[in-house]
2 protein chains.
Amino acid sequence: MADLKLPPHGASKHGTNPLFLRDEELRQAMELLFFAYRDFTAEPDAILAQYDFGRAHHRALHFIGRHPEITVSELLRILRITKQSLNRVLGQLVAQGYVEQRQGTRDRRQRLLTLTGAGRTLEEQVSADQRARIAKAFREAGAESVEGFRKVLLGIIGGEEDRARFDRPGAPRR
Amino acid sequence: MADLKLPPHGASKHGTNPLFLRDEELRQAMELLFFAYRDFTAEPDAILAQYDFGRAHHRALHFIGRHPEITVSELLRILRITKQSLNRVLGQLVAQGYVEQRQGTRDRRQRLLTLTGAGRTLEEQVSADQRARIAKAFREAGAESVEGFRKVLLGIIGGEEDRARFDRPGAPRR
DNA sequence: CATATATGTCAACATGGCTGACTTAAAATT
DNA sequence: AATTTTAAGTCAGCCATGTTGACATATATG
C-alpha cells in the first residue's frame, strides 16, 4: 500500500480511473471531518479560555453531564486518556465547584461524578454554539441526510461498546 | 440560554417533550463527532510516533499532498495555526526529505510546498487506515447515507471559502 | 521611493497528552 | 483470615503542539 505509484493526491478530480475517483472521494471525506471538527471546536475553545479551561475540561463536563454518577474509570475509557491527565482536569473542575464527587454505595471505592448546578450552566454555555451549529446543519440537510450522517459516523467508530451508546429505540433495523 | 433549567443531559432519551428530544439528538451528534474523530486519528497517530512525528505533521503532509505547490500562507489559512507552529513542523519535514520548497515564479516571495516521493509514500502509509475506515463506513452505510454525511458535515463547516473546497461537478444543485 | 506582503526566526510560555513509580482503600478470591 | 485485585489518587518529569511578541529579509506594489 505504501509503495503504490500514484499521481499527486489532488490531481485527478475528474479522472477516468475509478480507483482515483474512489481515492478522491475518501480523501474528501477525510477533509470534511477535519474542517468540521476544526470549526466545531473553535467557539467552545474560545469561551473556555475565559475560564482558564481547555477542550479537555469541556469533554469531561460533557460526558459527566450526559452520564450523572459516572465513575472515573468509565470516563477514562470514553476519553482514552490516562488517569493522570484526567485527574489534572477533574481536580480543577471539582475545586472550582463545577463537578461533585460522591462515594459509590455499591462499591465504595468508586467516586461517582456529577455536575453541580454551576457545572450544568457552564456546560450549557460552552456547548451552545455547537448545538446551534449542528441544529443548523441538520435543518439545512434534512432528516434523510441526518440519518446518513449518523450511519456513516457510526461506521467510523471502532468499538462495538462505543457504537452501542447510539442504539436508538425507534430506528430502522436495516 | 445558559440559565435554562434542564434535567441532566442524559435523562430524557424517551422523553415526551420535543425540546428535550431535540437536545438529545443534538448531543448525540456531538458525541458521534467526538468518537468518530477519536477513532479516526488513533491509528495514524500511532504510526507517526514511530517516525517521531505527530498529528500536525500528518495534517501538513495531507494538505501538501492534496495541493502540490501550495503556499505557506494558504496552508496556514487551512490549518488555522500560527506560522511559528507550522514552521516547526514544516522544518522537520523538509529537513528529513518529505517536503520540497521551491521559490514561486510569479511571486518569488512565495515558497511553494510539494511532497517528495518519500513524502507521498509516508502520507500513503499514514493515511491507509483512515482511508480503509472511511471506505468501510461508506460501503456499510450506502451511497445515500454518504450523500447525507457530506451534506451535514458541509453544514457544520463555517466558512464559505472552506465549503467551496468541496464543490462537486456532478452534484445535484438543490 | 515608500509601503505592504510572504516568509522565516528567536525566545518564552501554556495546555494537555504521556511514562513510571508509588499509595490507599475496598472488594474479591482463595 | 490472608492475599490479591481493583478503583482511585499522587508526584515527578517529559514531549508535542499550540500560543504571543518582537524582529529580519526579500520582494511586490502603489
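In what follows, every chain begins at residue 1, and chains take the letters A, B, ... in the order their sequences are listed.
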Considering only residues two or more places apart or on different chains, which pairs with a residue in residues 88-101 of chain A satisfy side-chain hydrogen bond (donor to acceptor under 3.5 Å, both in side chains)? A:His57-A:Gln92
May I ask you to say whether B:Glu124 pairs ionically with B:Arg131, meaning some side-chain N is under 4.0 Å from a carboxylate O? yes
By side chain to side chain contact (heavy atoms under 4.5 Å, CB included), A:Glu69 pairs with (sequence neighbours left out) A:Arg102, A:Leu112, A:Thr114
Applying salt bridge (Lys or Arg N to Asp or Glu O under 4.0 Å), can you list everything that pairs with B:Arg108, at least two apart in sequence or on another chain? none
Where at least one partner belongs to residues 42-51 of chain B, residue pairs that pass side-chain hydrogen bond (donor to acceptor under 3.5 Å, both in side chains), sequence neighbours excluded: B:Asp45-B:Arg55, B:Tyr51-B:Gln125
Have a look at B:Glu74 and say if it touches a base, only the backbone sugar-phosphate, or nothing, with a 4.0 Å heavy-atom cut-off. nothing
So for the helix from C:dC1-D:dG30 to C:dT30-D:dA1, with five pairs setting each end axis, what is the inter-axis angle to 10°? 30°
CD of B:Gln84: more than 12 outside heavy atoms within 6.0 angstrom? yes
Quick one: side chain to side chain contact (heavy atoms under 4.5 Å, CB included) partners of B:Arg77, sequence neighbours excluded? B:Glu74, B:Arg80, B:Glu161, B:Asp162, B:Arg165
Just how far, in rounded Å, is P of D:dT6 from CZ of A:Arg77? 17 Å
Stepwise side-chain contact (heavy atoms from CB on, under 4.5 Å) test for A:Arg139 and A:Lys136: CA-CA 5 Å; A:Arg139 204 182 319 120; A:Lys136 168 192 158 287; 4.3 Å; yes
Which two nucleotides bound the region of DNA chain C that has atoms under 4.0 Å from heavy atoms of chain A, read 5' to 3'? C:dG16 to C:dA27
Given protein heavy atoms under 4.0 Å, the one-letter contact record of nucleotides 17-24 of chain D, with B base, S sugar-phosphate only and - none, is simply BBBBBB--
Can you name the residues that form a side chain to side chain contact (heavy atoms under 4.5 Å, CB included) with A:Ala164, not counting sequence neighbours? A:Glu160, A:Asp167
Verify the distance criterion only: is there a donor paired with an acceptor across the side chains of A:Gln130 and A:His58 at less than 3.5 Å? yes
Could you name each residue pair satisfying ring-ring contact (aromatic ring centres under 6.0 Å, His included) that touches residues 142-166 of chain B, not counting sequence neighbours? A:Phe35-B:Phe166, B:Phe138-B:Phe149
Run the salt bridge (Lys or Arg N to Asp or Glu O under 4.0 Å) test against A:Lys83 and tell me which residues pass, sequence neighbours left out. none
Does the side chain of B:Phe63 come within less than 4.5 Å of B:Leu113's, by heavy atoms? no
Contact list for DNA chain D against residues 104-112 of chain B - heavy-atom distance below 4.0 Å: B:Arg106, B:Asp107, B:Arg108, B:Arg109
